[in-house]
Amino acid sequence: MMEIPCGMQEQFLEAKELIESSNDIKIYTHTDCDGICSGAILSIILDRLNKDYEIEFVNLDEIEDLDLDHKLTIFSDLGSGQGVDKNAKDGQKILILDHHPPLRDINYKNDKAYTYLEINPMFYGIDGSYYVCGGGLCYFLAKTFGFKDLSWIGVLSAIGDMQNNKTGHFEGLNEIIQEDAINEGLLKVTKNDLNIYGRSTRPLYVALSYFSDVKLPITNNQQEAKVVLEELGVDEKHNRKTLSEVTEEDKMEIKKFLSRMISKRVPPKYLKYVPKLIVGDAYTFLNEEEGSFLRDGSEFSTAMNACGRNRKEAIGVDIIKGDRLVALDALEEVSKTHKYNLATSISKVADNYHSEIIELDNFQYFDCSDFDEDIASNIIGTITGMVLGYCNWKKPILGFSKPKNNQIKVSLRCSKLLAYDGIHFGNMIREIAKEVGGTGGGHAIACGAYIPNEKKSEFLDKFNRKLQGKIAN
């Protein structure tokens with residue numbers, strides 16, 4: 001198991017001292033699951049220390065213009081890739097806990113008139129895409145205070161940040177967090193389980209119909225999924241089950257079926273990766289009620305992302321901190337709104353995907369110019385991922401939001417097979433966005449960018465050429 005580097009340990013101790021010596025504190029954190037988890041962990045730390053603080057959730061394109069008006073400003077799950085200190089004043093303190101590629105080196109703090117501390121795994125040769133995320137770093141800070149009971153939140157952040165997508169299980173510093181959560185009696189990990197979303201809350205045939213990494217006859221076809229499960233003897237119309245209710249023998253039959261179907265449809269170079277699409281570790285939070293969507297790690301993380309997509313991040317923090325009486329009702333309303341917006345938006349693209357989705361040599365894309373501006377901007381990534389189940393799964397798909405302030409938000413999603421084969425679209429989109437005067441980044445299979453509106457055609461051309469020869473047909 002990987003150990004925390006000594007230099008990073010020293011940085012966490014330094015961060016602990018910064019917090020202990022400060023009272024006027026502001027937290028800026030990201031709007032996704034990882035950012036919400038990061039903010040929740042920091043909030044709990046400061047609550048337990050009886051510190052005065054504020055917390056605000058921001059997108060990446062907002063943070064360089066923020067005024068730093070507090071003695072200590074903490075950036076979590078963002079900050080490393082942005083000029084967050086350009087408005088820093090003498091005597092202020094800045095703490096960054098981020099896992100994205102940094103603009104500055106570890107010695108940047110030297111000779112500054114303000115205190116600057118940036119904790120980033122990449123300074124120590126640790127890949128922030130797979131081995132630790134923002135919430136994980138915030139947990140290690142909490143652990144420095146002795147708050148190991150927050151380890152489960154570090155696990156939740158890693159699930160939401162797809163840190164386990166490469167192998168199906170956690171590695172690196174994430175494994176330390178996982179072990180802490182298990183040892184604290186907060187987490188159960190089921191190794192190599194059937195990798196289908198909605199294990200406790202969706203009928204099995206519904207869950208199976210959402211499989212979209214490779215387009216199968218069951219993809220977006222619940223009736224076909226019912227027929228398949230009945231033929232396998234796993235599920236039948238008088239006794240519908242969820243994944244959590246089926247036997248290990250039943251799961252094995254489903255795994256065999258998926259393996260056969262997928263293997264018939266993928267290019268030969270991808271065949272060795274098929275098992276990784278089907279199995280992966282499952283995470284159960286033991287303090288949550290059985291049957292609750294909060295008990296399953298994937299579903300809990302989806303709920304947190306829904307809060308972020310609808311700019312209700314504070315509800316997510318309340319849920320994580322244990323405020324279940326009021327916040328759960330609020331989360332239910334957020335979920336209803338989120339599902340409605342998704343369904344409405346998806347239908348605009350999916351119902352006419354032959355005309356709405358434009359396919360180029362190496363990728364495909366669609367435009368949300370006629371969508372409601374706020375809805376499209378907030379959920380464009382989710383829409384893009386869901387649309388992938390209707391089109392050519394072998395190519396990545398880009399979604400473009402309506403321009404706002406001359407900026408277009410771009411989101412990319414692709415099959416995990418492309419990432420397994422070595423393509424990291426987060427790095428690629430960051431590079432191309434920068435070339436056209438924008439910013440971007442993210443994960444291998446889910447990433448995005450903000451680019452100038454007038455640079456859209458140039459961006460498309462560069463992206464198409466960058467992928468030449470990398471996509472298997």
[X] and [Y]: side-chain donor and acceptor closer than 3.5 Å?
{"X": "Glu299", "Y": "Ser200", "answer": "no"}
{"X": "Thr302", "Y": "Tyr197", "answer": "yes"}
{"X": "Asn392", "Y": "Gln364", "answer": "no"}

Kindly compute the distance separating [atom1] ([X]) from [atom2] ([Y]), expressed to the nearest 0.5 Å.
{"X": "Lys455", "Y": "Leu460", "atom1": "NZ", "atom2": "CG", "result": "13.0 Å"}
{"X": "Ile41", "Y": "Ser157", "atom1": "CD1", "atom2": "OG", "result": "5.5 Å"}
{"X": "Cys133", "Y": "Leu173", "atom1": "SG", "atom2": "CG", "result": "10.5 Å"}
{"X": "Ile445", "Y": "His424", "atom1": "CD1", "atom2": "NE2", "result": "10.0 Å"}
{"X": "Lys409", "Y": "Ile380", "atom1": "NZ", "atom2": "CD1", "result": "8.0 Å"}
{"X": "Ile254", "Y": "Leu229", "atom1": "CD1", "atom2": "CG", "result": "5.5 Å"}

Determine, step by step, whether Ile126 and Met2 satisfy the side chain to side chain contact (heavy atoms under 4.5 Å, CB included) criterion, reporting the C-alpha distance in whole Å, the side-chain angles of both residues, the deciding distance to 0.1 Å, and the verdict.
-> CA-CA 10 Å; Ile126 299 172; Met2 182 185 291; 4.0 Å; yes

Kindly determine whether Lys434 and Glu431 satisfy salt bridge (charged side-chain N to carboxylate O under 4.0 Å, His left out), including the steps that lead there.
-> CA-CA 5 Å; Lys434 185 177 180 181; Glu431 178 185 333; over 6 Å; no

Is the number of heavy atoms from other residues, nucleotides or ligands under 6.0 Å of Asn406 CG greater than 12?
-> yes

Within a reach of under 6.0 Å around NZ of Lys470, are more than 12 heavy atoms found that belong to other residues, nucleotides or ligands?
-> yes

Below 4.0 angstrom, N of the basic side chain to O of the carboxylate: do Glu224 and Lys226 qualify?
-> no

Student check: side-chain heavy atoms of [X] and [Y] closer than 4.5 Å:
{"X": "His443", "Y": "Asp161", "result": "yes"}
{"X": "Arg324", "Y": "Leu294", "result": "yes"}
{"X": "Phe285", "Y": "Val155", "result": "yes"}
{"X": "Ile119", "Y": "Phe140", "result": "no"}
{"X": "Lys321", "Y": "Asp323", "result": "no"}
{"X": "Asn362", "Y": "Phe463", "result": "no"}
{"X": "Ile423", "Y": "Met428", "result": "yes"}
{"X": "Leu194", "Y": "Leu258", "result": "yes"}

Which heavy atom in [X] sits nearest to a heavy atom in [Y], and how many Å separate them?
{"X": "Tyr131", "Y": "Gln163", "answer": "N-OE1, 3.3 Å"}
{"X": "Leu277", "Y": "Asn195", "answer": "O-ND2, 3.8 Å"}
{"X": "Ser411", "Y": "Thr384", "answer": "O-CG2, 3.8 Å"}
{"X": "Lys395", "Y": "Leu388", "answer": "O-CD1, 3.9 Å"}
{"X": "Ile320", "Y": "Ala40", "answer": "CG2-CB, 3.7 Å"}
{"X": "Ala327", "Y": "Asp318", "answer": "CB-CB, 3.8 Å"}

Classify the angle between the aromatic ring planes of [X] and [Y] as parallel (below 30°), tilted (30 to 60°) or perpendicular (above 60°).
{"X": "Tyr273", "Y": "Tyr420", "value": "tilted"}
{"X": "Phe363", "Y": "Tyr365", "value": "tilted"}
{"X": "Tyr28", "Y": "Phe75", "value": "parallel"}

Quick check against the 3.5 Å criterion: does [X] have a side-chain atom that pairs as donor or acceptor with the backbone of [Y]?
{"X": "Thr344", "Y": "Asn341", "answer": "no"}
{"X": "Asp127", "Y": "Ser129", "answer": "yes"}
{"X": "Thr337", "Y": "Glu333", "answer": "yes"}
{"X": "Asp180", "Y": "Ser151", "answer": "no"}
{"X": "Arg199", "Y": "Ser244", "answer": "no"}
{"X": "Thr284", "Y": "Leu286", "answer": "no"}
{"X": "Asp235", "Y": "Lys241", "answer": "yes"}
{"X": "Ser263", "Y": "Arg260", "answer": "no"}
{"X": "Asp32", "Y": "Asn305", "answer": "no"}
{"X": "His30", "Y": "Gly35", "answer": "no"}

Side chain to side chain contact (heavy atoms under 4.5 Å, CB included) between Ile358 and Asp367: does it pass, once the steps are laid out?
-> CA-CA 9 Å; Ile358 300 170; Asp367 199 317; over 6 Å; no

Relative to Tyr205, does Arg240 satisfy both conditions: NZ or CZ under 6.0 angstrom from the six-membered ring centre, and within 45 degrees of the ring's axis?
-> yes

For the side-chain contact (heavy atoms from CB on, under 4.5 Å) test, which of Leu97, Ile55, Ile96 pairs with Ile74?
-> Leu97

What residue among Thr29, Asn59, Val58 forms side-chain contact (heavy atoms from CB on, under 4.5 Å) with Leu78?
-> Val58

Are Lys191 and Asp281 close enough, and set up right, to give a side chain to side chain contact (heavy atoms under 4.5 Å, CB included), and what steps lead you there?
-> CA-CA 5 Å; Lys191 294 290 186 181; Asp281 292 352; 3.2 Å; yes

Worked check of salt bridge (charged side-chain N to carboxylate O under 4.0 Å, His left out) between Glu313 and Arg311 | CA-CA 6 Å; Glu313 300 92 349; Arg311 300 315 306 258; 2.7 Å; yes

Output, in order, the C-alpha distance, side-chain angles, deciding distance and verdict of side chain to side chain contact (heavy atoms under 4.5 Å, CB included) for Glu332 and Leu328.
-> CA-CA 6 Å; Glu332 185 177 350; Leu328 268 178; over 6 Å; no

Quick one: which of Lys394, Lys416, Lys276, Arg413 gives a salt bridge (charged side-chain N to carboxylate O under 4.0 Å, His left out) with Asp213?
-> Lys416

Could you please spell out the steps behind the side-chain hydrogen bond (donor to acceptor under 3.5 Å, both in side chains) verdict for Asp250 and Thr247?
-> CA-CA 5 Å; Asp250 287 340; Thr247 65; 3.3 Å; yes

